[in-house]
Chemist: 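Please find one structure pasted underneath; my questions will follow.
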Amino acid sequence: MSVPELTSETRCRCPRCHHLLYAPRKQIFAKVIALSLTVAILMVGAVFFPFLQISAGGISHASSIFDAALAFSDGLLLPLSVAVMALIVVLPMLRVTLLIYTLWPLSQGHRPWPQARRAMHFSEAIQPWSMAEIFVVGAVVALVKLAGLATVTLGPAFWAFGLLVVVVTVKDNLICDWTLWQALDTPR
């Protein structure tokens, strides 16, 4: 397939359906690395800082994501605890780690590190299972339902997760797959 050479600000669209095929941008790898590091920092804060505090009838309890996952770690609910941590913490962190591994040498103008193509393939394969965004939506729905029963105070982890969703969305929309795969295939 022949692809026209594009400048850094032009976009290539399908002439039939107008779907965006590729959009090269200047220093995109460095920007995606910076956003990936931001996601990693926000994720650490979101996991260990208090997510919310519930007060009802004079009793108050603050909980973090890590505390909530550990609450299900007894008996039959252990698989649920593992699934929660894997889908909302481990897979998003693994994905940003793989992106950084893949993009770091490319952003420096060097050849890709060994297994960079495989790391990128795996990063794309786990993207649908990286569900931090779904967790935030579910948490907001649950908090709306709880607000009538108790006093709910949102902690710093809630806001970190909210910001994390925005940063992940921006990061995912900045990546031009065509540019990335071309850079991985081009010898330097």
Side-chain angles (χ1 to χ4, degrees), residues 20 23 25-73 77-104 107 119-120 122-177 179-180:
L20 182 64
R25 296 179 180 104
K26 288 183 182 178
Q27 299 179 346
I28 194 63
F29 298 148
K31 292 175 186 175
V32 172
I33 288 171
L35 290 171
S36 296
L37 290 171
T38 303
V39 168
I41 292 167
L42 287 171
M43 184 62 80
V44 170
V47 169
F48 294 109
F49 288 136
F51 188 79
L52 60 87
Q53 179 176 356
I54 297 176
S55 301
I59 299 173
S60 179
H61 180 71
S63 182
S64 69
I65 301 298
F66 191 69
D67 295 335
L70 287 179
F72 296 119
S73 64
L77 295 178
L78 179 62
L80 176 64
S81 176
V82 171
V84 166
M85 287 305 284
L87 294 175
I88 67 171
V89 177
V90 175
L91 289 180
M93 287 296 287
L94 178 60
R95 186 158 185 268
V96 297
T97 303
L98 291 170
L99 278 173
I100 292 169
Y101 177 82
T102 302
L103 298 178
W104 188 271
S107 70
M120 192 60 206
F122 189 61
S123 171
E124 287 183 347
I126 64 174
Q127 181 178 5
W129 295 101
S130 177
M131 297 191 180
E133 303 87 8
I134 305 302
F135 170 75
V136 171
V137 172
V140 168
V141 169
L143 291 175
V144 168
K145 297 288 186 183
L146 280 175
L149 302 173
T151 304
V152 178
T153 306
L154 303 176
F158 178 85
W159 300 110
F161 251 112
L163 185 57
L164 181 133
V165 169
V166 171
V167 173
V168 166
T169 303
V170 169
K171 175 186 63 67
D172 288 345
N173 286 325
L174 273 180
I175 295 174
C176 173
D177 290 339
T179 306
L180 175 60

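Basis for what follows: all heavy atoms, side chains included, without hydrogens, waters or symmetry-related copies.
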Chemist: Does atom CG of Leu149 have more than 12 heavy-atom neighbours from other groups under 6.0 Å away?
Modeler: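 More than 12 heavy atoms, drawn from other residues, nucleotides or ligands, come within 6.0 Å of this atom.
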Chemist: Which residues pass the side-chain contact (heavy atoms from CB on, under 4.5 Å) test with Ala56, not counting sequence neighbours?
Modeler: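 Applying side-chain contact (heavy atoms from CB on, under 4.5 Å) to Ala56 gives Ala150.
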Chemist: Considering residues at least two apart in sequence or located in another chain, which fulfil the side-chain contact (heavy atoms from CB on, under 4.5 Å) criterion with Ser60?
Modeler: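 Applying side-chain contact (heavy atoms from CB on, under 4.5 Å) to Ser60 gives Gln53, Ser55.
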Chemist: Report the residues that fulfil ring-ring contact (aromatic ring centres under 6.0 Å, His included) with Phe122, sequence neighbours left out, ordered by chain and then residue number.
Modeler: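 So Phe122 forms no ring-ring contact (aromatic ring centres under 6.0 Å, His included) with any residue.
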Chemist: Let me confirm one number: the CD1-OG distance from Ile175 to Ser123, rounded to the nearest 0.5 Å.
Modeler: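 The CD1 atom of Ile175 sits 7.0 Å away from the OG atom of Ser123.
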Chemist: Which residues satisfy the side-chain contact (heavy atoms from CB on, under 4.5 Å) test with Trp159, sequence neighbours excluded?
Modeler: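 Partners of Trp159 under the side-chain contact (heavy atoms from CB on, under 4.5 Å) test: Leu154.
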Chemist: Could you check whether any side-chain heavy atom of Thr151 comes within less than 4.5 Å of a side-chain heavy atom of Ile54, counting everything from C-beta outward?
Modeler: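 A side-chain contact is absent here, since even the closest heavy-atom pair is not under 4.5 Å.
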Chemist: How would you list, by chain and number, every residue that makes a side-chain contact (heavy atoms from CB on, under 4.5 Å) with Ala119, sequence neighbours excluded?
Modeler: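 Partners of Ala119 by the side-chain contact (heavy atoms from CB on, under 4.5 Å) criterion, ordered by chain and then number, come out as Leu98, Tyr101, Thr102.
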Chemist: Specify the closest pair of heavy atoms between Ile88 and Met131, including all atoms of both residues, with the distance to one decimal.
Modeler: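 What the structure gives for the nearest pair is CG2-O, 3.7 Å.
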Chemist: May I have the step-by-step check of side-chain contact (heavy atoms from CB on, under 4.5 Å) for Ile65 and Phe49, ending in yes or no?
Modeler: CA-CA 8 Å; Ile65 301 298; Phe49 288 136; over 6 Å; no
Chemist: What residue pairs, at least two apart or across chains, pass salt bridge (Lys or Arg N to Asp or Glu O under 4.0 Å) with a residue in residues 131-157?
Modeler: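 Not a single pair qualifies under salt bridge (Lys or Arg N to Asp or Glu O under 4.0 Å).
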Chemist: Could you pull out the closest heavy-atom pair between Glu124 and Pro128, with the gap in Å?
Modeler: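 In terms of heavy atoms, the two residues are closest at O-CD, 3.7 Å.
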Chemist: Using the test side-chain hydrogen bond (donor to acceptor under 3.5 Å, both in side chains), find all partners of Thr153 that sit at least two apart in sequence or belong to another chain.
Modeler: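 In terms of side-chain hydrogen bond (donor to acceptor under 3.5 Å, both in side chains), with neighbours along the sequence ignored, Thr153 is linked to no residue.
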Chemist: I'd like a table of donor-acceptor pairs (distance under 3.5 Å, sequence neighbours excluded) in which one partner is a side-chain atom from residues 33-42, with atom names and distances.
Modeler:
unit_1, atom_1, unit_2, atom_2, d
Ser36, OG, Val32, O, 2.8
Thr38, OG1, Ala34, O, 2.8

Chemist: Keeping to residues at least two apart or across chains, list the salt bridge (Lys or Arg N to Asp or Glu O under 4.0 Å) pairs with something in residues 85-97.
Modeler: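 Qualifying pairs: Arg95-Asp172.
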Chemist: State the CG-CZ distance between Leu99 and Phe29, to the nearest 0.5 angstrom.
Modeler: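 Spacing of CG (Leu99) from CZ (Phe29) equals 11.0 Å.
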Chemist: Do any N or O atoms from the side chain of Ser130 and from the backbone of Gln127 form a donor-acceptor pair under 3.5 angstrom?
Modeler: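 No; judged by distance alone, with no hydrogens or angles, the pair does not exist.
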Chemist: Taking ring-ring contact (aromatic ring centres under 6.0 Å, His included) as the definition, give me every residue that meets it alongside Phe51, ordered by chain and number, with sequence neighbours left out.
Modeler: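 If we apply the ring-ring contact (aromatic ring centres under 6.0 Å, His included) test to Phe51, skipping adjacent residues, the hits are Phe135, Phe158.
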Chemist: Atom CG in Leu164, atom NZ in Lys171: separation rounded to 0.5 Å?
Modeler: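 With rounding to 0.5 Å, CG (Leu164) is 9.5 Å from NZ (Lys171).
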Chemist: With sequence neighbours left out, write down each residue that passes side-chain hydrogen bond (donor to acceptor under 3.5 Å, both in side chains) with Asp177, or none if nothing qualifies.
Modeler: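 Asp177 satisfies side-chain hydrogen bond (donor to acceptor under 3.5 Å, both in side chains) with no other residue.
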Chemist: Identify the heavy atoms of Leu146 and Val152 that sit nearest to each other, and give their distance.
Modeler: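 Closest approach of Leu146 to Val152: CB-CG2, 4.1 Å.
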Chemist: Indicate the atoms forming the closest heavy-atom contact of Ala86 with Pro92, along with that distance.
Modeler: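 Between these two residues, the closest heavy atoms are O-CD, 4.2 Å.
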Chemist: Using side-chain heavy atoms (C-beta onward) and a distance below 4.5 Å, is Ser64 in contact with Phe48?
Modeler: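 Heavy-atom side-chain distance check fails, nothing below 4.5 Å.
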Chemist: Got a sec, which pairs hit salt bridge (Lys or Arg N to Asp or Glu O under 4.0 Å) with one end in residues 49-68, sequence neighbours left out?
Modeler: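 Residue pairs passing salt bridge (Lys or Arg N to Asp or Glu O under 4.0 Å), neighbours aside: none found.
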